[in-house]
Chemist: 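Structure provided below as structure tokens; questions to follow.
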Amino acid sequence: MRYKTTIGDQEFDIEINREDEVTLNGQRVPVDFRWLEGNAVFSLLLDHASHEALIEECGDECKVLLRGRMFNVRVEDERSLRRKRPAREFAVPSGELAIRSPMPGLVVTVSVSVGQPVSKGDVLVVLESMKMENEIKAPRDGKVGAIRVEPRQSVELDQILLVLS
């Protein structure tokens, strides 16, 4: 999953590909991170140094206490960034449309069957990634032409999940 993170006047492009690797502004960084103590404390091992951060969510921004300093951090995932773009950029093609995985993960459920009509916004597949469930929804009305995954199957980023016609 890709994120745009803003701290003060600095912006960072962060992509979490796997639990042990992060891409920061296009550069791969090996990292080990874990949530501790009821999701309030975050433990991070980076460049062989251990760090702990206390994170408090406050609406669109988070407050992060790290090494005795408080940072106001804004994090936007790629889905929320896409929602901010003008609607004309979201023209969904007619005809066959491959629905692809937006992240690597595990298929939890496939909510549709081949030949089933679907409406825009219907949940097609639920993926688990980084211990979070993500609903993959229909971008337009159509009919399920093919299903290429099944529950408990691991998928890669951009892998075809199903095809709408």
Side-chain angles (χ1 to χ4, degrees), residues 1-90 92 99-112 118-140 149 151-159 161-162:
M1 184 69 117
R2 186 166 279 188
Y3 302 91
K4 182 177 100 174
T5 304
T6 307
I7 303 172
D9 60 351
Q10 292 184 306
E11 285 188 3
F12 302 92
D13 181 33
I14 299 172
E15 184 173 357
I16 300 175
N17 301 317
R18 302 185 328 224
E19 286 192 29
D20 63 344
E21 184 179 271
V22 174
T23 304
L24 174 63
N25 293 336
Q27 182 178 358
R28 287 186 178 181
V29 179
V31 64
D32 184 19
F33 51 93
R34 301 278 184 260
W35 287 106
L36 306 172
E37 299 177 21
N39 292 342
V41 177
F42 185 73
S43 174
L44 174 69
L45 183 61
L46 180 63
D47 291 331
H48 306 289
S50 179
H51 308 277
E52 282 191 1
L54 178 63
I55 300 174
E56 179 184 337
E57 292 186 44
C58 302
D60 291 341
E61 288 193 358
C62 298
K63 291 184 179 192
V64 178
L65 179 63
L66 179 66
R67 293 183 172 178
R69 292 184 58 200
M70 183 68 75
F71 298 91
N72 289 322
V73 180
R74 181 188 258 325
V75 179
E76 297 176 280
D77 66 24
E78 57 191 324
R79 284 178 275 187
S80 64
L81 291 170
R82 281 193 299 250
R83 280 188 225 126
K84 289 182 177 181
R85 292 186 199 145
R88 65 180 176 274
E89 289 186 29
F90 284 114
V92 178
I99 306 299
R100 297 177 179 273
S101 176
M103 67 200 80
L106 181 71
V107 176
V108 176
T109 58
V110 177
S111 305
V112 294
V118 296
S119 299
K120 179 179 179 176
D122 285 354
V123 175
L124 305 172
V125 175
V126 176
L127 288 180
E128 180 182 298
S129 181
M130 303 285 295
K131 299 182 178 122
M132 291 177 52
E133 290 191 358
N134 301 279
E135 295 180 335
I136 309 304
K137 298 180 179 183
R140 64 169 167 87
V149 294
R152 296 190 307 246
Q153 177 181 341
S154 292
V155 294
E156 297 298 320
L157 173 70
D158 226 22
Q159 180 175 335
L161 304 173
L162 55 89

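FYI, side chains are in, hydrogens and waters are out, and symmetry mates aren't considered; it's all heavy atoms of this structure. For the single chain, residues carry numbers from 1 onward in sequence order. None of the values given here were measured: they were computed from a predicted structure.
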Chemist: What's the spacing between M103 CE and M130 CE if we round to 0.5 Å?
Modeler: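 It is 11.0 Å, given to the nearest 0.5 Å.
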Chemist: Rounded to the nearest 0.5 Å, how far does NZ of K137 lie from CG of D122?
Modeler: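 If I round to the nearest 0.5 Å, the distance is 9.5 Å.
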Chemist: Do E56 and V64 touch side chain to side chain, with heavy atoms closer than 4.5 Å?
Modeler: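 They are not in contact (no side-chain heavy atoms under 4.5 Å apart), so the answer is no.
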Chemist: About how many Å separate OH of Y3 and CD of E15, when rounded to the nearest 0.5 Å?
Modeler: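 Rounded to the nearest 0.5 Å, the CD-OH separation comes out at 10.0 Å.
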Chemist: Which atom names give the shortest non-hydrogen contact between V112 and V123, and what distance separates them?
Modeler: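 Smallest heavy-atom distance, with atoms named: CG1-O, 4.1 Å.
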Chemist: Flag yes if more than 12 heavy atoms outside M70 fall under 6.0 Å of its CE atom; otherwise flag no.
Modeler: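 Above 12, so yes.
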Chemist: Which heavy-atom pair separates T23 from R28 by the least distance, and what is that distance?
Modeler: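 Where T23 meets R28 most closely, the heavy atoms are OG1-CG, 4.1 Å.
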Chemist: Between N72 and K63, does the side-chain contact (heavy atoms from CB on, under 4.5 Å) criterion hold? Intermediate values first, please.
Modeler: CA-CA 5 Å; N72 289 322; K63 291 184 179 192; 3.6 Å; yes
Chemist: Any side-chain to backbone donor/acceptor pair from Q10 onto I7? Under 3.5 Å, distance only.
Modeler: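 Judged by distance alone, no pair lies under 3.5 Å.
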Chemist: Decide yes or no on side-chain contact (heavy atoms from CB on, under 4.5 Å) for V149 and L162, but give the supporting numbers first.
Modeler: CA-CA 7 Å; V149 294; L162 55 89; over 6 Å; no
Chemist: Using side-chain hydrogen bond (donor to acceptor under 3.5 Å, both in side chains) as the criterion, list what pairs up with R152, not counting sequence neighbours.
Modeler: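 In terms of side-chain hydrogen bond (donor to acceptor under 3.5 Å, both in side chains), with neighbours along the sequence ignored, R152 is linked to no residue.
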Chemist: Taking all non-hydrogen atoms of both residues, which atom of P139 and which atom of I99 are closest, and how far apart?
Modeler: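 For P139 versus I99, the nearest heavy atoms are CD-CD1, 3.7 Å.
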Chemist: Apply salt bridge (Lys or Arg N to Asp or Glu O under 4.0 Å) to E11 and list each qualifying residue two or more places apart in sequence or on a separate chain.
Modeler: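 Per chain and number, E11 pairs via salt bridge (Lys or Arg N to Asp or Glu O under 4.0 Å) with K4.
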Chemist: What distance separates T6 OG1 from E61 CD, expressed to the nearest 0.5 Å?
Modeler: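 With rounding to 0.5 Å, OG1 (T6) is 8.5 Å from CD (E61).
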Chemist: With a 4.5 Å limit on heavy-atom distance, are the side chains of R100 and L161 in contact?
Modeler: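 Side-chain contact under 4.5 Å: no.
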Chemist: Ignoring hydrogens and geometry, is there a side-chain-to-backbone donor-acceptor pair from S129 to P104 under 3.5 Å?
Modeler: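 Yes, S129 side chain to P104 backbone: donor-acceptor pair under 3.5 Å.
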Chemist: Looking at E156, I'd like to know if its CD atom is crowded, meaning that more than 12 non-hydrogen atoms belonging to other residues, nucleotides or ligands lie closer than 6.0 Å.
Modeler: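 No, not enclosed.
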Chemist: If every non-hydrogen atom of P102 is compared with every non-hydrogen atom of L127, which pair is closest and at what distance?
Modeler: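 Nearest pair, atom of P102 first, then L127: CD-CD1, 4.1 Å.
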Chemist: For residues V107 and V155, report the shortest heavy-atom separation together with the two atoms involved.
Modeler: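 Looking at all heavy atoms of both residues, the closest pair is CG2-CG1, 3.8 Å.
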Chemist: If we ignore hydrogens and angles and just use 3.5 Å, is the side chain of T109 paired with the main-chain N or O of S111 as donor and acceptor?
Modeler: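 Side chain of T109 to backbone of S111, a donor-acceptor pair under 3.5 Å: no, none is there.
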Chemist: Counting C-beta onward and ignoring hydrogens, is there a side-chain heavy-atom pair between H51 and L66 closer than 4.5 Å?
Modeler: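 Yes; the side chains approach each other to less than 4.5 Å.
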Chemist: Measure across E133 and V108 and return the closest heavy-atom pair with its distance rounded to 0.1 Å.
Modeler: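 Here E133 and V108 meet closest at OE2-CG1, 3.9 Å.
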Chemist: Kindly compute the distance separating CG (N25) from CD1 (I14), expressed to the nearest 0.5 Å.
Modeler: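 N25 atom CG to I14 atom CD1 measures 7.5 Å (nearest 0.5 Å).
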